[in-house]
Amino acid sequence: MSRSVKAAVIGAGVAGLCAARELRREGHRVVIFEKADRIGGMWIYDPRVESDPLGIDPNRETVHSSLYRSLRTNLPRQLMSFLDYPFAKRENGDQRAFPYHEEVLWFLNKFADDFGLVELVRFNSEVVRVERVEEKEDEWSVEWRTSGSDSVSQEVFEAVIVCTGHQSEPELTSVVGERSIEKWPGYQIHSHNYRVPEPFKDQTVVIIGYGPSGYEISRDIATEAKQVHIATKIPNVQVQRLESHNNIWLHMMIKHVCEDGKVVFQDGSFVYADTILYCTGYKYHCPFLETNGIVTVEENRVGPLFKHVFPPRLAPWLSFIGIPYQDTAFPVMDLQSKWVAQVLSGKVLLPSEEEMTVSTEELYRQMEEKGLRKRYTHAIYPNGIEYFNWILGQIGLPPEDWRGKLFLEIIENAIAMNYGYRDEWDEAYWESVIKESSQPLVNEDEAKAFVLN
Ligand code: FAD
């Protein structure tokens with residue numbers, strides 16, 4: 001017989017919405033706690049900048065979203081669809097394969113409406129503490145504070161699903177080298193607080209990091225800045241101006257900075273800069289979670305987590321959706337949610353605690369053997385498809401390969417620095433690849449029947 005639990009989902013971004021839909025589908029009772037006043041998480045553009053633009057001050061006024069105004073998706077719609085719910089084009093919307101960010105927020109709102117998820121959300125409710133009740137496995141106390149009030153409310157749940165995102169808390173590695181950055185006189189800001197290029201008009205900007213944020217923001221800021229210099233970890237990179245832009249240069253990492261505003265790169269070349277913009281990523285952050293040390297965040301590893309979802313000792317009552325990165329976030333979160341919901345209902349069995357622990361330790365051991373630092377634990381590229389197919393197998397669905405093909409194409413374009421890939425995307429071709437190689441994953445009729453309006 002199927003088990004129905006009372007579940008608290010924390011966060012109403014993509015992860016929380018997927019989790020809530022699947023939990024409901026499995027017959028669980030769901031409450032979503034969301035500190036904002038609407039759904040969408042990262043996809044709600046907020047023009048405000050935090051009071052500390054580097055995000056160091058723990059008492060700063062925080063802003064959740066890291067979106068900047070001009071952001072277009074870096075994945076095509078097919079890779080931002082849920083398994084049985086496509087990110088389809090809409091009349092009068094942005095029809096492009098890689099649309100503007102507002103289109104994503106619209107899609108998430110439509111998804112939430114279609115599945116009756118909004119009524120499950122307690123808005124303006126920030127969860128401030130989650131802990132087990134007297135060490136009981138399936139009793140979790142959730143405490144939350146409603147905006148504008150000092151008092152804390154509390155309720156007990158059988159399961160807690162953490163869906164709070166991990167791209168709001170700036171990571172500032174010691175990338176500025178051997179001399180103290182404090183004495184550098186210019187403006188410093190993390191990409192989390194980058195919104196628009198205008199404040200950087202006619203400036204010389206140094207960007208640290210050339211991951212997705214550094215890649216995109218360098219182009220955006222170059223529309224106003226005089227010069228943009230990107231410090232990268234690309235091995236043996238020679239100073240070079242990008243062919244596509246006459247005001248963007250690539251450099252080695254920074255060696256040191258000087259009190260007169262000079263920024264010196266590792267090959268000895270230098271520039272006098274007005275701003276250093278850190279595109280150095282984000283930290284996992286769960287300040288509300290109290291597990292007596294069972295789950296920790298150490299050097300950006302949330303662990304131990306079996307398959308990045310379940311802490312073996314607390315499974316299945318505590319789980320995390322959306323921890324992996326360097327892959328297709330939306331379908332992965334959808335799939336993880338299906339797994340969690342079905343494990344909680346007893347439809348799908350987890351391995352024993354010991355087996356899950358061994359599997360997790362094995363991953364950590366392999367990382368150590370390869371010399372990979374802890375902070376890359378949840379970076380699942382290039383094993384994303386393997387991971388995806390493994391979870392598909394757990395919930396009785398066949399493996400698939402088209403997602404991997406599309407994702408690889410994106411990665412290849414990024415490596416080739418083909419910034420125009422979005423507008424060169426051959427939609428018809430990729431649609432045919434998908435048609436040829438995929439099996440319908442979830443029974444679509446069943447999914448439609450579930451749609452409430
Ligand atoms: P979030 O969207 O961050 O949602 C978390 C939610 O939890 C928020 O609503 C927050 O308010 C709430 N919350 C947090 N703490 C609490 C608390 N204590 N109590 C109550 N509520 C809480 N992915 C793509 O697929 N395509 C893209 O093009 C793409 N572009 C991106 C661009 C940028 C700049 C960034 C930073 C990320 C991008 N991503 C992209 C990844 C993106 O983050 C994910 O797609 C996805 O939105 C993450 O969803 P999430 O639900 O895990 O987290």
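One-based numbering, in listed order, for ligands and for the atoms of each.
- Heavy atoms from other residues, nucleotides or ligands lying under 6.0 Å from CD of E424 number more than 12.
- No N or O atom of M80 sits closer than 3.5 Å to an N or O atom of ligand 1.
- Summarising the geometry of L71 relative to Y100, their closest heavy-atom pair is O-CD1, 3.4 Å, with the distance given to 0.1 Å.
- Residue contacts with ligand 1 include A15, since one of its heavy atoms falls under 4.0 Å from the ligand.
- Ring pair W339/F310: centre-to-centre distance below 6.0 Å.
- Of the charged side-chain nitrogens involved, at least one lies within less than 4.0 Å of a carboxylate oxygen, so that K374 and E298 count as a salt-bridged pair.
- A salt bridge does not link E102 with R72: none of the charged nitrogens is closer than 4.0 Å to a carboxylate oxygen.
- The pair E198-K201 fails the salt-bridge criterion, with no side-chain N (NZ, NE, NH1 or NH2) lying under 4.0 Å from an Asp/Glu carboxylate O.
- Distances below 4.0 Å separate heavy atoms of C163 from the following atoms of ligand 1: 5 (C), 6 (C), 7 (O).
- Annotation: atom 42 (C) of ligand 1 to nearest protein heavy atom, Q167 OE1, 3.5 Å.
- Heavy atoms of S191 come nearer than 4.0 angstrom to ligand 1 in no pair at all.
- For ligand 1, the polar-atom distance check against E126 finds no nitrogen or oxygen pair separated by under 3.5 Å.
- Those atoms of ligand 1 that come under 4.0 Å of a heavy atom in S66, given as number and element, are 34 (C), 36 (C).
- Considering backbone and side-chain N/O of H64, one or more are found under 3.5 Å from N/O of ligand 1.
- Judged purely by distance below 3.5 Å, without hydrogens or angles, the side chains of E131 and S141 never pair a donor atom with an acceptor atom.
- Aromatic pair H308/F320: ring centres not closer than 6.0 Å.
- For E50 and R195, the salt-bridge test fails: no basic side-chain N is under 4.0 Å from an acidic carboxylate O.
- The closest approach between any non-hydrogen atom of L79 and ligand 1 is not below 4.0 Å.
- Counting heavy atoms under 4.0 Å from ligand 1, residue S125 touches it through the backbone alone.
- Residue S168 has no nitrogen or oxygen atom sitting less than 3.5 Å from a nitrogen or oxygen atom of ligand 1, judged on distance alone.
- Between E216 and R219, no side-chain nitrogen of the basic residue sits less than 4.0 Å from a carboxylate oxygen of the acidic one, so the salt-bridge criterion is not met.
- Summary of contacts: the protein heavy atom closest to atom 53 (O) of ligand 1 is G165 CA, 3.2 Å.
- Between Y387 and Y381, the ring center distance fails the sub-6.0 Å criterion.
- At least one N/O-N/O distance between V127 and ligand 1 falls below 3.5 Å.
- When atom types are taken as modelled, the side chain of N413 and the backbone of N418 share no donor-acceptor pair closer than 3.5 angstrom.
- Looking at ligand 1, you'll find an N or O of V14 within less than 3.5 Å of one of its N or O atoms.
- Using a 4.0 Å cut-off to heavy atoms of G11, the atoms of ligand 1 that qualify are 6 (C), 7 (O), 12 (C).
- For ligand 1, the atoms sitting less than 4.0 Å from at least one non-hydrogen atom of T73 are 28 (O), numbered in the order shown with element in parentheses.
- Near L75, with a cut-off below 4.0 Å to any heavy atom, the atoms of ligand 1 are 25 (O).
- Without hydrogens or angle criteria, E290 side chain to N292 main chain gives a donor-acceptor distance under 3.5 Å.
- Of the protein's non-hydrogen atoms, the one nearest atom 44 (C) of ligand 1 is A329 CB, 4.0 Å.
- For ligand 1, the polar-atom distance check finds no N/O of L67 at less than 3.5 Å from any of the ligand's N/O atoms.
- A salt bridge links K338 and E22; the closest N-O separation between the charged side-chain nitrogens and carboxylate oxygens is under 4.0 Å.
- Atom 32 (C) of ligand 1 has L71 CD1, 3.6 Å as its closest protein atom, hydrogens excluded (heavy atom only).
- Heavy-atom proximity to F288, at under 4.0 Å, picks out these atoms of ligand 1: 18 (N).
- The main-chain N or O of E61 is found under 3.5 Å from a side-chain atom of S51 such that the two form a donor-acceptor pair.
- Heavy atoms of other residues, nucleotides or ligands lying less than 6.0 angstrom from CZ of R313 number 12 at most.
- Annotation for ligand 1: atoms under 4.0 Å from non-hydrogen atoms of F330 are 25 (O), 45 (O).
- Residue N74 has at least one N or O atom closer than 3.5 Å to an N or O atom of ligand 1.
- Distances between N or O atoms of W43 and those of ligand 1 include at least one value under 3.5 Å.
- Closest protein heavy atom to atom 11 (O) of ligand 1: E34 OE2, 2.6 Å.
- Note: an N/O pair closer than 3.5 Å links K35 and ligand 1 by distance alone.
- Ligand-side atoms of ligand 1 in range of M333: 46 (C), 48 (C), 49 (O), 52 (O), range being under 4.0 angstrom from any heavy atom.
- For D274 (side chain) and Q203 (main-chain N/O), no donor-acceptor pair under 3.5 Å exists by modelled atom type.
- Around atom 15 (N) of ligand 1, the closest heavy atom drawn from V104, T164, I10, I32 belongs to T164.
- The presence of a protein heavy atom under 4.0 Å from atom 38 (C) of ligand 1 is ruled out.
- The protein atom (non-hydrogen) at minimum distance from atom 2 (O) of ligand 1 is M42 N, 2.8 Å.
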